[in-house]
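The structure under discussion appears below in the form of structure tokens.
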Number of protein chains: 2
Amino acid sequence: MRARTPVTLADVAALAGVSQQTVSRVVNNLPNVSARTRTRVTQAAAQLDYVPNRLATSLARQRTFTVGFVTNDLSLHAPSQLTAGIERAARAAGYSLIVSIVPEDSLAAVTHAVRALRERQVDGVLINASMTPADAATLRRRLPDLPSVFMDVTPDTPVPAALLDQEYGARLAARHLLDLGHTRVAFITPPGQAVVENTREHGWRQVLAAHDLTPVAAVSGDWSPHGGYLAAQTLLAGPPFTALLVANDQMAVGALRALWERGLNVPADVSVIGYDDTPESALLIPPLSTVRQDFPTLGARAFTHLLAQLAGDPPPTPVVTRPELILRSSTAPPQTPDRAAVQDALALLARHLAARG
Amino acid sequence: MRARTPVTLADVAALAGVSQQTVSRVVNNLPNVSARTRTRVTQAAAQLDYVPNRLATSLARQRTFTVGFVTNDLSLHAPSQLTAGIERAARAAGYSLIVSIVPEDSLAAVTHAVRALRERQVDGVLINASMTPADAATLRRRLPDLPSVFMDVTPDTPVPAALLDQEYGARLAARHLLDLGHTRVAFITPPGQAVVENTREHGWRQVLAAHDLTPVAAVSGDWSPHGGYLAAQTLLAGPPFTALLVANDQMAVGALRALWERGLNVPADVSVIGYDDTPESALLIPPLSTVRQDFPTLGARAFTHLLAQLAGDPPPTPVVTRPELILRSSTAPPQTPDRAAVQDALALLARHLAARG
DNA sequence: GACCGGTATGTTAACCCTAACATCGGCACA
DNA sequence: TGTGCCGATGTTAGGGTTAACATACCGGTC
């Protein structure tokens with residue numbers, strides 16, 4: 001059971017009839033080894049199926065070529081896409097990735113996770129957990145010598161970061177709705193946090209405020225389709241609205257459903273706009289207008305940022321990417337509800353009949 | 001930049017006025033240390049912010065408490081859920097998880113990834129890549145001393161495995177459709193592989209064959225909603241069908257869309273059944289009948305299996321979990337298309353009008 | 001008072017590798 | 001023939017920890 005890789009440099013050296021150091025040079029492709037020796041060593045290594053022990057290498061080199069990624073709930077779209085992007089970039093640069101999932105976004109939980117990563121001597125950490133600027137700064141202060149990149153914090157947080165400009169994307173979405181002429185708009189907001197600066201909800205409110213508007217109602221969901229469904233039901237029990245801003249596409253799926261159940265047509269009766277642009281969004285009924293966020297690219301960018309810090313040139317400015325508005329068919333100008341609904345049902349009827357000529 | 005954790009056991013020992021070994025005992029909570037010494041050491045460690053170097057520990061102990069997870073495309077539902085489940089179980093048992101994403105399921109790619117993990121001295125590996133029994137067996141043979149658990153291989157593959165009984169789930173889905181009275185059924189199959197034993201497609205075909213039926217048509221998709229959409233379009237260009245089996249829910253989203261665009265009502269005109277039960281499935285229009293797979297639990301189970309191997313009692317039987325059929329509203333008995341469509345459109349019209357009473 | 005068992009602590013040798021220095025032979029040049 | 005340089009190789013000393021053994025001390029027993 002133990003004795004996994006009994007084959008060490010010394011074994012290879014013995015077989016090839018050279019010193020350990022020479023084998024090390026060959027394995028690491030260093031110069032100053034004669035061709036003859038090199039092939040002899042290579043053969044010996046192959047023959048013994050030698051696998052270098054990176055633990056020992058790391059200990060000697062004081063460098064592990066491993067980075068840690070701390071993230072919240074991996075079952076959601078964003079974190080899993082992010083993970084994919086980071087892993088890809090890391091692997092390309094010769095790094096391994098240790099992922100650590102924190103059940104909640106508290107400072108304590110993240111600190112704990114980071115400590116475990118430090119014990120494993122990671123060269124740096126990437127942190128995707130939404131933290132207040134104060135918490136992020138505190139955490140950063142606790143790791144003086146560990147390169148780190150934060151994601152999902154606000155742009156003004158004084159830590160190295162790679163971010164999406166969420167507020168900007170949110171403003172895009174809200175402005176689109178107002179441009180269409182909507183005045184009665186409702187929100188399905190992210191869970192937790194009150195309205196803090198630089199969040200999606202904050203962006204929405206800003207745009208509304210610029211038009212002397214306030215949301216008809218705002219209910220928070222838990223990022224899941226079911227959460228979106230419940231939130232939409234709650235909204236539907238309240239005052240009427242013609243436009244709905246949803247904090248992510250997964251919740252929008254639930255919202256679309258709740259609207260449908262109520263007999264409301266999207267976009268004729270209610271315009272809906274999501275956030276993220278998941279692969280299903282383009283194919284929902286109706287196709288969802290949304291704000292596209294490219295998570296894999298963000299992940300890659302964050303890793304590059306970390307690499308820069310490792311190389312010793314920490315770019316102090318946060319790397320922030322602007323999302324993009326994707327217009328599809330879930331948004332339209334507001335209409336008189338009754339006329340719209342009848343129109344629409346008739347159109348559907350016509351289409352059904354036509355389909356079988 | 002370097003000199004990350006200059007604080008070592010020796011530093012703590014010096015400050016506390018004891019030997020390294022004593023500090024080691026305190027840090028690892030071993031017995032035979034007096035209470036007085038223990039607190040002195042604890043204080044010294046806290047004062048210096050000592051962080052143990054797990055690299056050194058692992059080297060000395062010949063055990064890293066790290067496991068590797070090799071998986072294909074993390075952006076899909078299954079792998080990301082699986083990762084979450086494994087990480088959770090691993091963390092609970094004091095293990096860290098290194099994830100390695102392989103761009104393709106080839107034996108070479110997986111072998112390469114596993115080798116990198118071996119260099120990092122992981123205690124074991126979990127492999128989620130669909131491989132032929134032969135490939136899996138070959139791979140297993142290449143790692144004689146490394147505990148491993150395979151997922152996404154067929155149950156008869158002679159390797160330690162934790163599996164979902166895909167064929168069984170597929171049979172459940174197909175049988176449901178036939179029980180409803182459908183005879184003209186089409187497939188949207190997984191990408192790649194021809195029909196091999198113990199796959200979803202194989203399960204479907206078995207059930208059909210038992211009723212002397214063959215599929216009207218079978219087109220493969222790429223697991224994505226868009227892929228499902230394209231596949232459904234292709235099917236719609238061919239001979240008519242009243243039931244559609246789709247290899248996963250994400251593709252089903254696209255299929256539902258394609259059907260809708262064609263003016264076909266689900267389930268009146270075409271029954272659709274998916275696979276996986278993603279969080280959105282219950283809220284689609286219509287709610288999708290599907291086969292539920294519990295990936296987080298599978299992940300946890302796989303990890304437990306690995307732990308058992310590490311403990312020295314390798315259960316030779318693969319751990320296989322049976323999925324469950326979830327009936328919602330996307331399946332119904334076949335109807336005369338025209339009657340159904342008209343009925344349905346009228347119902348919709350009525351509902352719309354009623355909604356504003 | 002010699003002997004025992006047991007606890008608290010220290011010392012030494014690994015674990016596998018790399019960095020830094022040391023050595024050796026050959027070749028070119030004067 | 002000596003000098004100097006350089007490429008090829010070897011030797012030694014860590015990197016931070018643990019396992020195994022060694023030592024010192026205490027209280028109790030006959």
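Lettering follows sequence order; numbering is per chain, from 1.
- By the salt bridge (charged side-chain N to carboxylate O under 4.0 Å, His left out) test, A/E104 is found to be paired with no residue, residues two or more places apart in sequence or in another chain being considered.
- As a whole-Å value, the separation of A/R54 CZ from C/dT18 C1' is 14 Å.
- Of the candidate nucleotides D/dT9, C/dA8, C/dC17, C/dA8 has the atom lying nearest to any side-chain atom of B/S34.
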Q. Would A/V110 and A/L139 satisfy side chain to side chain contact (heavy atoms under 4.5 Å, CB included), going step by step from the backbone distance to the final call?
A. CA-CA 8 Å; A/V110 177; A/L139 179 54; 3.5 Å; yes

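- Between the C1' atom of D/dT18 and the CG atom of A/L55 lies a distance of 14 Å, rounded to the nearest Å.
- Residue B/L9 contributes atom CG, which lies 15 Å from atom C1' of C/dC15 at whole-angstrom precision.
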Q: Sugar-phosphate means primed atoms, P, OP1 and OP2; the rest is base. With that split, encode nucleotides 23-28 of chain C 5' to 3' as B, S or - using protein heavy atoms under 4.0 Å.
A: ------

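- For the segment residues 12-24 of chain B, the set of residues with a heavy atom within less than 4.0 Å of an atom of DNA chain C comprises B/V18, B/S19, B/Q21, B/T22, in numerical order.
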Q: Begin with the C-alpha distance, continue with both residues' side-chain angles, and end with the deciding distance and a verdict on side chain to side chain contact (heavy atoms under 4.5 Å, CB included) for A/V12 and A/Q20.
A: CA-CA 8 Å; A/V12 179; A/Q20 280 193 33; over 6 Å; no

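- Contacts of B/N32 with the nucleic acid, taken as non-hydrogen atoms under 4.0 Å apart, include base atoms.
- Of the residues A/I127, A/L298, A/V70, the one that meets the side-chain contact (heavy atoms from CB on, under 4.5 Å) test with A/M151 is A/L298.
- A/T83 and A/S80 are not linked by any side-chain donor-acceptor pair at a separation below 3.5 angstrom, with hydrogens and angles left out of the test.
- A/P52 comes within 4.0 angstrom of sugar-phosphate atoms only, judged by non-hydrogen atoms across all strands, and of no base.
- Close to C/dC17, at under 4.0 Å from its OP1 or OP2, lies a side-chain N or O of A/Y50.
- Each salt bridge (charged side-chain N to carboxylate O under 4.0 Å, His left out) pair with one or both residues in residues 64-90 of chain A, not counting sequence neighbours, appears once here: A/E87-A/R91.
- As a whole-Å value, the separation of A/Q62 CD from D/dA13 C1' is 14 Å.
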Q) Checking side chain to side chain contact (heavy atoms under 4.5 Å, CB included) for the pair A/V51/A/V7: CA distance, chi angles, key distance, verdict? A) CA-CA 7 Å; A/V51 175; A/V7 182; over 6 Å; no

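- Within 4.0 Å (heavy atoms only), B/T37 reaches sugar-phosphate atoms of the nucleic acid but no base atom.
- Counting only residues at least two apart or in different chains, salt bridge (charged side-chain N to carboxylate O under 4.0 Å, His left out) contacts with residues 126-142 of chain A are absent.
- Here C/dC17 presents its C1' atom at 16 Å from CD of A/Q121, a figure rounded to the nearest Å.
- Axis angle across the helix from C/dG1-D/dC30 to C/dA30-D/dT1, with five pairs used at each end and values rounded to 10°: 60°.
- Between B/R120 and A/T66, the side chains place a donor N or O and an acceptor N or O closer than 3.5 Å (distance only, hydrogens not considered).
- Comparing D/dG16, C/dC17, D/dT18 by their nearest atom to the side chain of A/N53 picks out C/dC17.
- Using modelled atom types and a 3.5 Å distance limit, the side chains of A/T42 and A/T39 yield no donor-acceptor pair.
- A straight line from CZ of A/R40 to P of D/dA8 spans 14 Å, rounded to a whole angstrom.
- Spacing between atom CD of B/E119 and atom P of C/dC15 amounts to 20 Å, rounded to whole angstrom units.
- Checked by atom type, the side-chain pair B/T321/B/R301 shows a donor-acceptor distance below 3.5 Å.
- Remark: C1' of C/dT18 and CG of A/L30 are 10 Å apart, rounded to the nearest angstrom.
- Residue side chain A/R25 reaches the base of D/dG10 through a donor-acceptor N/O pair under 3.5 Å, judged by distance alone.
- With C/dC16, C/dT18, D/dT9 as the choices, the nucleotide that has an atom nearest any side-chain atom of A/V33 turns out to be D/dT9.
- For the pair B/Q47/B/L15, a side-chain contact is recorded, criterion being any heavy-atom separation below 4.5 Å from C-beta on.
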